[in-house]
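Below: the structure, in structure tokens.
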Amino acid sequence: MTSLSTSTLAALEEMLLNTARPAPADFMPIYFLRKDGVQQTIGHLNPDFMPHLQEFLNSNSVPLITLENDGLRLYQGKPKDLSESLGLIANSLRLSGFIPSWRNEDFAWIDQSGHKFFRLERAAFRTFGFRSMATHINGYTNNNTLWLGRRSENKPTDPGLLDNIAAGGITADETPWMSARRELWEEAGIPSQIAENIEPVGCIHMRRPISSRGFHDEQLFIYDLELTTNFIPTNHDGEVSGFIEVSYAEAAARILADEFTIDAAFVTADFILRRNK
């Protein structure tokens, strides 16, 4: 246990009550209709995107997708076929400037049973408001310190803000465990013999609108990793400009000063609160 003020701990606890916000009322729902007739809402579209989407679907035949008065409806088919149809729409939106930061890297939409029903370029997930997945790793020492990475100024999202020692999206062909170990090496230079000691500690579901874009809906898989006091992280992929080692109290102060990315702030707050029980 470490000593933080009661007011600081209360502020972190209050923050964690606000992880999942509803989609704005004017966002158009995206429905997924299964072959057994069960329908669920799986995404939300910014109304700014609708004129282009309507024009595209009116002039192009896109299998398994229809635009109706109550929302955009996706019909279950072979994952390959639905993925191709969504890819046509996403590429059209990209070419019209609605999807920045295209990376040619796919995420997968997975239901509660673990089945993958389609895959789509990761930048398009926020445009459609589909639920994606990411891993976040808290790197800590037995001296009650945390290692934090500072995002590169060249990052398209949240440049220069503090992040966990490693974090990143889970690609379509990865498990959370695979993603965590990959990110630890790429972002912090942590080799596999150390990374294999990660401890799964929970999940946080993040939902919030993204200004002028779409809707961020992501399941964060959280891991803790104890590092030796002499270990120094080193970035390999150019996405981190540097690292700082801070006390839990300093990490909490930086969270409350809005120095973190939103997702990393929640993950770090969760870590600090678990360590202060």
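Residue numbers start at 1 and run along the sequence shown.
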Backbone N/O of P51 and side chain of Q54: donor-acceptor pair under 3.5 Å: no
For G77 against L64, the heavy-atom pair lying closest together: CA-CD1, 4.1 Å
Verdict with reasoning, R208 to I210, per side chain to side chain contact (heavy atoms under 4.5 Å, CB included): CA-CA 6 Å; R208 64 182 183 275; I210 305 297; 4.2 Å; yes
Hydrophobic cluster identity match, V201 and L12, side-chain contacts under 4.5 Å: yes
Charged N-O contact under 4.0 Å between R274 and D224: yes
D48 with R213: basic N within carboxylate O range, under 4.0 Å: no
Donor-acceptor pair, side chain of R150 and main chain of L161, under 3.5 angstrom: no
Side-chain (D163) to main-chain (R151) donor-acceptor, under 3.5 angstrom: no
K78 atom NZ, over 12 foreign heavy atoms within 6.0 Å: no
N143 (side chain) donor-acceptor with T145 (main chain) under 3.5 angstrom: no
Check: L162 and T261 side chains under 4.5 Å, non-hydrogen atoms: no
From CA spacing to verdict: side chain to side chain contact (heavy atoms under 4.5 Å, CB included), E183, R181: CA-CA 5 Å; E183 292 289 354; R181 296 183 63 179; over 6 Å; no
F128 and F215, any side-chain heavy atoms less than 4.5 Å apart: no
Polar side chain donor-acceptor pair, N230 to T228, under 3.5 angstrom: yes
Nearest non-hydrogen partners of A269 and L16, listed with the distance: C-CD1, 4.2 Å
F98 ring center within less than 6.0 Å of H52 ring center: yes
Nearest non-hydrogen partners of S101 and A123, listed with the distance: O-CB, 3.6 Å
CG-OG1 distance between L57 and T66, expressed to the nearest 0.5 angstrom: 8.5 Å
Any side-chain heavy-atom pair of E218 and R131 under 4.5 Å: no
Shortest non-hydrogen contact from I198 toward L225: N-CD1, 3.9 Å
Check: F117 and Q76 side chains under 4.5 Å, non-hydrogen atoms: yes
Inter-residue atom distance T135.OG1 - E174.CD, 0.5 Å rounding: 7.5 Å
Check: R119 main-chain N/O paired with S83 side-chain donor or acceptor under 3.5 Å: yes
Same apolar cluster: L256 and V267, side chain cutoff 4.5 Å: yes
Side chains of N142 and T229, donor plus acceptor under 3.5 Å: no
Spacing of L67 atom CG and E55 atom CD [to the nearest 0.5 Å]: 12.5 Å
Side-chain (E239) to main-chain (E187) donor-acceptor, under 3.5 angstrom: no
F27 with F130, same ILVMFWY side-chain cluster at under 4.5 Å: no
Main-chain N/O of R21 paired to R207 side chain as donor or acceptor, under 3.5 Å: yes
Aromatic contact, Y75 with F32 (centres under 6.0 Å): no
Verdict with reasoning, I272 to I255, per side chain to side chain contact (heavy atoms under 4.5 Å, CB included): CA-CA 11 Å; I272 293 169; I255 289 170; 4.2 Å; yes
Any side-chain heavy-atom pair of I170 and T175 under 4.5 Å: no
Pairwise distance CZ(F107) to CZ(R122) - rounded to 0.5 angstrom: 3.5 Å
N60 side chain to F56 backbone, donor-acceptor under 3.5 Å: yes
Pair E250-S247, side-chain donor/acceptor within less than 3.5 Å: no
Hphob cluster co-occupancy, I137 + V246, side-chain heavy atoms under 4.5 angstrom: no
All ring-ring contact (aromatic ring centres under 6.0 Å, His included) counterparts of F271, not counting sequence neighbours: Y140, Y248
Separation of R275 CZ from N138 CG (nearest 0.5 Å): 8.5 Å
Over 12 foreign heavy atoms within 6.0 Å of CD, E226: yes
Side-chain heavy atoms of D158 within contact of F260, under 4.5 Å: no
Single-linkage hydrophobic cluster, 4.5 Å side-chain cutoff, I190 and F243 together: yes
Side-chain donor-acceptor contact under 3.5 Å, D263 with H216: yes
Pair R103 + E121: basic N to acidic O under 4.0 Å: no
Exercise: identify the closest heavy-atom pair between I42 and W109: CG2-CZ2, 3.3 Å
Shortest non-hydrogen separation from A90 to I99 and the atoms involved: O-CD1, 3.5 Å
Derivation and outcome, side chain to side chain contact (heavy atoms under 4.5 Å, CB included), residues T171 and R182: CA-CA 11 Å; T171 63; R182 173 180 58 77; 4.3 Å; yes
Non-hydrogen side-chain atoms of W147 and N164 separated by less than 4.5 Å: no
Inter-residue atom distance M133.CE - D217.CG, 0.5 Å rounding: 12.0 Å
Heavy atoms from other residues, nucleotides or ligands near CD of E68 exceed 12 (cutoff 6.0 Å): yes
4.5 Å side-chain heavy-atom contact, L33 and L74: no
Geometric class of the F118/F125 ring pair [parallel <30°, tilted 30-60°, perpendicular >60°]: tilted
